Protein chains: 2
Amino acid sequence: MTLVSEISEFELIARLENILKLSSNIPDAQIKFAIGDDAAVITPNSKNQVITSDALVENVHFIYNQISMYNLGWKSLASNYSDVASMGCDPLAVSITLGIKKNQQVEDLEKIYEGFADITNKFGGTIIGGDIVKSNDFFISISVIGQNNHTSTLMRNDAKPGDLVVVSGELGSSAAGLKLISDFDRSLYENEADKSSKFIPFLTSHFKPEPQIALGRAILDFNITTCTDISDGLIRDLSNICDSSNVSSIVNIDKIPTDVNLKSIFPNDWIELCLSGGEDYELLFTGTKNKINKIQKHTSSKLTIIGQITKPSDPKISLIDNANNTIKFSQKGWDHFKES
Amino acid sequence: MTLVSEISEFELIARLENILKLSSNIPDAQIKFAIGDDAAVITPNSKNQVITSDALVENVHFIYNQISMYNLGWKSLASNYSDVASMGCDPLAVSITLGIKKNQQVEDLEKIYEGFADITNKFGGTIIGGDIVKSNDFFISISVIGQNNHTSTLMRNDAKPGDLVVVSGELGSSAAGLKLISDFDRSLYENEADKSSKFIPFLTSHFKPEPQIALGRAILDFNITTCTDISDGLIRDLSNICDSSNVSSIVNIDKIPTDVNLKSIFPNDWIELCLSGGEDYELLFTGTKNKINKIQKHTSSKLTIIGQITKPSDPKISLIDNANNTIKFSQKGWDHFKES
């Protein structure tokens, strides 16, 4: 065990860089120079670049002992990669800034870098540098450059009345995973082997989400123009599309795809988990039935039509169920600052 | 006065975005979409891109009440722009992540954004997004993409024995400014109007440094290949060049350019301020007399030859004075983590 205060900044960088080199990641030919000069150098040959940034702060976005350091590395990059996917791009270059505590263990940081290395190995992208600074609270601040050679990227602002609303995968699982670890009801959680296995998809979804890179590219390939990822919850992310496109929408909550056990394990919470849980990192897009069918034939991702885009109206998002009852739901979604 | 906890995340982003729009900054034609989607979109048309990241943390890199918020914004971007300059590039796109405290004043954040807006107006580059998160300590984490259309960028690794060692501007001023505000000797600092005016260049250098963007481009235009910025102090930054190029160097400390008052105000400290003070954000480069002369004719920046690159030897950097005496100096430079 080595504390970061026991070694120099250069030793620390060398140890972390070593993890990246040991990984089987082959740098992109466009990455000319990564760590070791005043700046990294890349020679882009793409038509479009996208740039996204996300930060995770200890005790705000994660609790140090509630997530493995490997998963923390994976997940912090996955959330950025999800934004790249939602633009219809592939990851190219990753800049990572760490704010580290002097009593932090170097081995913990190495585990985080193993998570970074593995997700870049699986989904592409090269870690080209960043910054390491001292901080009282540990934080990870990441910027990712993505790219494609299409004439455009996927945006939020082109949804049209009549378009169908589609989501990939299953919703609410990540928030369910968070609820499991937060409530920490051990009797539910650990004592019955049979039951526990039901929880694994939720925990996996929360701790090791997969960015939908291939699906994002497929959506763009089949001429869909409007897409976002479901990072803040369905209501909030669909609202973003409606706001940007100046449209409204109807969603049938009985159509929302969920893990087979979500409703039985969380009978009172599943709707909220699905609608505003957040961090599912699935894609939410709109388009014609014809285009959606073509994408579904092309991809192994599960696609589900959950609603329709309508002309601008109030409320912006109307929720119904299979019996056509209107469902009431607070449409606030996440808001990180306002004290309530 | 408004606390960030009193408004929503969206209101805060709108207020900060408003500052950027009010600025006279004309977005680059390559910036296709900035704030407001999952990621910013740019359509680069440059041969080389450089990416640099820097973070500033409260109580580590700055004390909240010791620097104006405007200067904090300016300076945090200036340090990134200096890295772009040292690569021979122009700033293109800026991503800014803020970790903010709930009791922080929105007006303070707006002042920081005025600093950001002004430095982009002066030196180019567009703020294309970022992230805003809650944090116990305030931090600013910035990534900048720079670019040029040369066949290459300036690097650290091509210094050759016989090359002259050149610095721009004056060294030690920023560290002198920090010393003035840290020691806070009011008798020296405020009581004599005459004396106080002497301190202004040091305080300006510390609080509102100017990145050497134009000079960086000129250095590259005249076929110099090796350059870095002086952010960690002359010894450390020259060591980086020597390490990367596998050479050594001799520096004459009497040649080091300083503010006219540095030596008289800091008779015991000026050498240390010049050699390891840091944050001068001047450029340090190596090349032939002929090339240096050409650059000097082209630029209004003051260039000073302070030494020469030599074959690899021990010590890596030899310090001499005008009388050819060898000067002893600890070559450690900055090290942010190791406790000593």
Side-chain angles (χ1 to χ4, degrees), chain A residues 4-10 12 32-33 36-44 47-57 59-61 83-84 86-87 89 93 95 97 99 102 128-137 139 141 143 145-146 153 155-157 228-229 244 335-339, chain B residues 4-10 12 32-33 36-44 47-57 59-61 83-84 86-87 89 93 95 97 99 102 128-137 139 141 143 145-146 153 155-157 228-229 244 335-339:
Chain A
V4 293
S5 56
E6 292 173 331
I7 63 172
S8 75
E9 184 178 358
F10 292 102
L12 177 61
K32 208 162 152 185
F33 196 90
D37 209 299
D38 292 296
V41 185
I42 65 177
T43 50
K47 281 188 190 147
N48 296 289
Q49 278 187 344
V50 294
I51 302 137
T52 182
S53 300
D54 271 311
L56 292 163
V57 181
N59 297 324
V60 176
H61 302 92
D83 282 319
V84 171
S86 75
M87 305 296 282
C89 289
S95 178
T97 291
K102 63 182 180 180
I128 49 83
D131 195 12
I132 296 184
V133 295
K134 265 199 288 202
S135 176
N136 286 321
D137 287 333
F139 69 83
S141 173
S143 290
I145 300 176
T153 59
M155 303 293 287
R156 294 174 179 164
N157 60 6
T228 190
D229 70 329
S244 301
D335 198 324
H336 297 292
F337 297 112
K338 207 163 179 175
E339 306 281 300
Chain B
V4 292
S5 56
E6 292 172 332
I7 63 172
S8 74
E9 184 179 357
F10 293 100
L12 177 61
K32 209 162 151 187
F33 195 91
D37 210 299
D38 292 298
V41 185
I42 66 177
T43 49
K47 282 189 190 147
N48 295 289
Q49 277 187 343
V50 294
I51 301 138
T52 180
S53 301
D54 270 312
L56 292 163
V57 181
N59 297 325
V60 176
H61 302 93
D83 282 319
V84 170
S86 75
M87 304 296 283
C89 289
S95 179
T97 292
K102 62 182 180 180
I128 48 85
D131 195 11
I132 297 185
V133 295
K134 266 200 287 202
S135 176
N136 286 320
D137 286 333
F139 70 82
S141 173
S143 290
I145 300 176
T153 59
M155 302 293 287
R156 294 174 178 163
N157 59 6
T228 191
D229 71 328
S244 301
D335 199 323
H336 296 292
F337 297 111
K338 207 163 178 172
E339 307 279 302

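Just so you know, these numbers come straight off a predicted model, no measurement behind them. By convention in this document, chain letters (A, B, ...) are assigned in the order of the sequence lines, proteins followed by strands, and residues within each chain are numbered from 1.
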### Summary
Honestly, the part of B/Val60 sitting under 4.5 Å from a heavy atom of chain A is side chain
### Task
Heavy-atom pairs under 4.5 Å with chain B are the metric here; pick the option from A/Gly99, A/Gly130, A/Ala93 that has the most.
A/Gly130
### Query
Who pairs with B/Thr52 by side-chain hydrogen bond (donor to acceptor under 3.5 Å, both in side chains), at least two apart in sequence or on another chain?
B/Asp83
## Note on the structure
Max heavy-atom pairs within cutoff under 4.5 Å with chain B, candidates A/Asn136, A/Val50, A/Ile42, goes to A/Ile42
### Query
If we only count heavy atoms from C-beta on, is the B/Phe139 to A/Val57 side-chain gap below 4.5 Å?
yes
### Task
For chain B, find which of A/Cys89, A/Pro44, A/Gly36 contributes the most heavy-atom pairs closer than 4.5 angstrom.
A/Pro44
### Worked check of side-chain contact (heavy atoms from CB on, under 4.5 Å) between B/Val41 and A/Met155
CA-CA 10 Å; B/Val41 185; A/Met155 303 293 287; 4.0 Å; yes
### Task
Supply the atom-to-atom distance B/Lys47 NZ to B/Thr153 OG1, rounded to the nearest 0.5 angstrom.
13.0 Å
#### Entry: Nearest-0.5 Å distance that lies between atom CZ in B/Phe10 and atom CD1 in B/Ile132
10.5 Å
### Task
Counting only heavy atoms closer than 4.5 Å, note whether B/Met87 contacts chain A via side chain, backbone, both or neither.
side chain
### Task
Using the test salt bridge (Lys or Arg N to Asp or Glu O under 4.0 Å), find all partners of A/Asp38 that sit at least two apart in sequence or belong to another chain.
B/Arg156
### Query
Does B/Asn48 reach the side chain of A/Lys32, with side-chain heavy atoms less than 4.5 Å apart?
yes
## Note on the structure
Comparing A/Ser143, A/Ala55, A/Ser95 against chain B, the one with the most heavy-atom pairs below 4.5 Å turns out to be A/Ala55
### Message
Under 4.5 Å from any heavy atom of chain A, what part of B/Ile145 do you find: side chain, backbone, both or neither?
### Response
side chain
### Summary
Counting heavy-atom pairs under 4.5 angstrom with chain A, the leader among B/Asn59, B/Asp54, B/Asn157 is B/Asp54
### Task
Check each atom of B/Thr97 against the heavy atoms of chain A and say whether the ones under 4.5 Å are side chain, backbone, both or neither.
side chain
